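So the structure is just underneath, and the comments pick up after that.
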Amino acid sequence: MELLYKSTRGGQAGVSASRAILQGLACDGGLFVPERIPSLDRSLEEFSAMSYQETAYEVMKLFFTDFTEEELRSCIRSAYDEKFDTDVIAPLAKADKAYYLELFHGATIAFKDMALSILPHLMTTAARKNQIGNEIVILTATSGDTGKAALSGFADVPGTKIIVFYPKDGVSPIQEKQMVTQKGDNTLVVGIRGNFDDAQSGVKAIFADKALEQKLAQAGFQFSSANSINIGRLVPQIVYYVYAYAKLLESGELSAGEKLNVVVPTGNFGNILAAYYAKQMGLPVGRLICASNENRVLYDFFRTGVYDRNRPFILTTSPSMDILISSNLERLLYQLAEEDAGKDVELMNALAEKGEYRITEAMKERLADFSGYYATEEETAETIAGMYDDTGYVLDPHTAVAACAFRKYRAETADETKTLIVSTASPYKFTRSVMEAVDEQKCGGLTDFELIDELSAMSGTEVPKAIEEIRTAAVRHTTVCEVCDMKKTVLGFLGMK
């Protein structure tokens, strides 16, 4: 039976998976959600014998029902191939009484590769299925990792262009170097004078501009998104939770049906939402522990039921989590409100107009699966240093936030349920922050790439190919603009006025 999609704000329904992927954002500004959450139709024992690619097919086929088996398998083969530095795609490491799911073995050494490796293939297949003649213009805002992963995926893909906006002073030096050295005649990288929320709001405003949409259509273009608001980004993230559980079952670390808690360092809420969907599909997930940095808007929300973005924006050592508007939370709110689109619109309007909203007591009760914790900058650094000193395992700052949250949860609840911590980036992507935490004296006067070599020697790990490639790469993208000029920048790249 075909699974169709609808908007969280009620303005669209009965949309096929391929059409939802192409469109990205619903026409009313809402996010596409499946009309029902499908159940896993394979046993956990069956999953335990599957490769990552096989698991991906069995999960994604339940959501992308208008793709043929060959179409979907072709997308998966093209995505999860030799661009990953390990055949298992998402290996597990055991350290400090938890299992770390390493999602940073792809081309850009961050978890965004897991979903953005497949999105271009899903999108171009969807375009063919829907007889789309227009060139697809991917428009995305990034807090650091989505941008490079999207650029890597869409570079030189026929029939597409990609424009990435990032906060000029709000990403790590390595993240910026990865983006601004990106090759591909169809790519544009733009730094904005503002923060990630400014970039994300600017992109959403461009998507909502109906006159611009019509103008682009006349010129043979149409917008789509590579952000996690795209259902084609969200569904592939469900896969690695099913895969991780199955591999822990295969290795004897779990028994079938045993609960597994999940800790996710969270910014835009897509990654932890995927774990929530996996639980609804029948995966034996226990607590969903949402880990925040000092931009603790989600921590406060889970503790109080009030979402309030009216606070200082703090630049931290975990920049991919420096977010005050978590877009994917809207999908959760829609479910908490029992799919009441009117309530969703009310909350989103309050956020846009006043910068805050309060959910009802009934909605708050339905948050029972979630716990929120946060880590200060000092605690993040202490966690990196402590983990290395105790185990030799090196965490990036985002994963360290999650590890700190895990320790706080255990101390507060005494819950000894086995726990999966999602490791979202390689420490090599945030080398200075990692090295300053472990041995600040070594950092004096060293460049970022000299620190990379120090980290390699200290940890006994090889410098990732993604880092070596940018060490001497030429900067190709130098555009910087004000938020108010984002639309003009897009039109200029497309050769329009």
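Just so it is clear, the structure is predicted and the values come from calculations on it, not from any experiment.
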Sorted by chain and residue number, the ring pair (Phe, Tyr, Trp, His ring centres under 6.0 Å) partners of Phe449 (sequence neighbours excluded) come out as none
| Salt bridge flag under 4.0 Å for residues Arg128 and Glu71 | no
Tell me if the centroids of the rings in Tyr100 and Tyr393 come within less than 6.0 Å of each other.
yes
(Q) I'd like to know whether Tyr80 forms a side chain to side chain donor-acceptor pair (under 3.5 Å) with Ser51, so could you lay out the CA-CA distance, the side-chain angles of the two residues, the decisive distance to 0.1 Å, and finally the verdict. (A) CA-CA 11 Å; Tyr80 305 113; Ser51 67; over 6 Å; no
Sequence neighbours excluded, the answer for side chain to side chain contact (heavy atoms under 4.5 Å, CB included) partners of Asp169 is none
Residues passing the side chain to side chain contact (heavy atoms under 4.5 Å, CB included) test with Asp198, sequence neighbours excluded, are Ile192, Asn195, Val483
Paired with Asn230, the side-chain contact (heavy atoms from CB on, under 4.5 Å) test is passed by just one of Leu119, Ile138, Leu122, Leu25, namely Leu119
Close side-chain approach of Asp96 to Met387, heavy-atom, < 4.5 Å: yes
- I would like to know whether Lys61 and Asp41 meet salt bridge (charged side-chain N to carboxylate O under 4.0 Å, His left out); could you show each step before the answer? CA-CA 10 Å; Lys61 74 175 186 183; Asp41 62 359; 3.4 Å; yes
When every non-hydrogen atom of Thr142 is compared with those of Met179, the smallest separation belongs to CG2-SD, 3.8 Å
Closest non-hydrogen contact found for Ser48 with Leu249 is CB-CD2, 4.3 Å
- Task: Start with the C-alpha gap between Val490 and Lys487, add the side-chain angles, then the distance that decides, and say whether side chain to side chain contact (heavy atoms under 4.5 Å, CB included) holds.
- Result: CA-CA 5 Å; Val490 169; Lys487 176 179 170 180; 5.7 Å; no
Sorted by chain and number, sequence neighbours left out, ring pair (Phe, Tyr, Trp, His ring centres under 6.0 Å) with Tyr5 holds for none
Kindly indicate whether the side chain of Val190, heavy atoms from C-beta on, has any atom under 4.5 Å from the side chain of Val480. no
* So, the side chain of Ser327 versus the backbone of Ile229: is there a donor-acceptor pair under 3.5 Å, distance only? -> no
Only distances under 3.5 Å count here; give the side-chain donor-acceptor pairs of residues 154-165 to other protein atoms, sequence neighbours excluded, each with its distance to 0.1 Å.
unit_1, atom_1, unit_2, atom_2, d
Asp156, OD1, Asp185, N, 3.4
Thr160, OG1, Val157, O, 2.8
Thr160, OG1, Asn186, ND2, 3.4

Test side-chain contact (heavy atoms from CB on, under 4.5 Å), reference Tyr277, set Val33, Val235, Leu283, output is Val33
| query | Is a side-chain donor-acceptor pair under 3.5 Å present for Gln175 with Asp145? | reply | yes
Taken in chain and number order and not counting sequence neighbours, the residues that satisfy side chain to side chain contact (heavy atoms under 4.5 Å, CB included) with Ser117 are Ala79, Lys83, Phe84, Asp113
Note to self: Taking Asp66 first and then Lys129, would you say they form a salt bridge - that is, a charged N and a carboxylate O separated by under 4.0 Å?
What the structure shows: no
**Message:** Does Phe313 form a side chain to side chain contact (heavy atoms under 4.5 Å, CB included) with Asp322? I'd like the steps, not just the answer.
**Reply:** CA-CA 8 Å; Phe313 186 95; Asp322 291 347; 3.7 Å; yes
Paired with Thr266, the side-chain contact (heavy atoms from CB on, under 4.5 Å) test is passed by just one of Leu298, Asn293, Ile323, namely Leu298
Taken in chain and number order and not counting sequence neighbours, the residues that satisfy side-chain hydrogen bond (donor to acceptor under 3.5 Å, both in side chains) with Tyr240 are Gln237, Asn271
By ring pair (Phe, Tyr, Trp, His ring centres under 6.0 Å), Phe63 pairs with (sequence neighbours left out) none
Hits for side-chain hydrogen bond (donor to acceptor under 3.5 Å, both in side chains) against Thr140, two or more places apart or cross-chain, chain-then-number order -> Asn227
Residues passing the salt bridge (Lys or Arg N to Asp or Glu O under 4.0 Å) test with Glu46, sequence neighbours excluded, are Arg42
| query | When the ring centroid of Tyr276 is compared with that of Phe370, is the distance short of 6.0 Å? | reply | yes
Task: Polar side chain donor-acceptor pair, Lys112 to Ser320, under 3.5 angstrom - done: no
- Note, Met458 side chain near Val394 side chain (heavy atom, < 4.5 Å): yes
Determine whether Gln178 and Thr108 satisfy the following criterion, side chain to side chain donor-acceptor pair (under 3.5 Å), listing intermediate values before the conclusion. CA-CA 8 Å; Gln178 281 188 307; Thr108 74; 5.4 Å; no
Check your understanding: Quick one: are Ile21 and Ile231 in side-chain contact, heavy atoms under 4.5 Å?
Key -> yes
message: Would you say CD of Glu462 has more than 12 non-hydrogen atoms from neighbouring residues, nucleotides or ligands within 6.0 angstrom?
response: no
Does one side chain, of Gln12 or Gln23, offer a donor that lies under 3.5 Å from an acceptor on the other? yes
task = May I ask you to check whether Ser423 and Glu102 show a side-chain donor-acceptor distance below 3.5 Å?
result = no
Answer with yes or no after comparing the ring centroid distance for His398 and Phe430 against a 6.0 Å cut-off, counting only values under it. yes
* To do: Mark yes when over 12 heavy atoms from residues, nucleotides or ligands other than Asp87 sit less than 6.0 Å from its CG; otherwise mark no.
  => no
- Query: Can you check side chain to side chain contact (heavy atoms under 4.5 Å, CB included) on Leu288 and Val264, steps first, answer last?
  - Reply: CA-CA 8 Å; Leu288 293 158; Val264 187; 6.0 Å; no
For Phe67, the ring pair (Phe, Tyr, Trp, His ring centres under 6.0 Å) test, sequence neighbours excluded, returns Phe64
What one should report as the nearest heavy-atom pair of Cys290 and Phe269 is SG-CE1, 4.5 Å
Looking only at heavy atoms, the pair that brings Asp453 and Arg471 closest together is OD1-NH2, 3.0 Å
When Ile89, Ile76, Val239 are each screened for side-chain contact (heavy atoms from CB on, under 4.5 Å) with Thr55, the one that passes is Val239
Residues passing the side-chain hydrogen bond (donor to acceptor under 3.5 Å, both in side chains) test with Ser426, sequence neighbours excluded, are none
When every non-hydrogen atom of Thr8 is compared with those of Gly30, the smallest separation belongs to OG1-CA, 3.6 Å
Quiz prompt | Residues Ser326 and Asn268: side-chain donor-acceptor under 3.5 angstrom | solution = no
Stepwise side chain to side chain contact (heavy atoms under 4.5 Å, CB included) check, Tyr245 with Lys247: CA-CA 6 Å; Tyr245 190 99; Lys247 292 299 118 178; over 6 Å; no
Of all heavy-atom pairs linking Ile118 and Cys75, the shortest is CG1-O, 3.8 Å
Between Lys418 and Glu253, does any NZ, NE, NH1 or NH2 come within less than 4.0 Å of an OD or OE carboxylate oxygen? no
**Asked** Would Arg77 and Glu70 pass as an ion pair if we require N to O under 4.0 Å?
**Response** yes
**Asked** Between Asp369 and Lys279, is there a salt bridge with N-O shorter than 4.0 Å?
**Response** yes
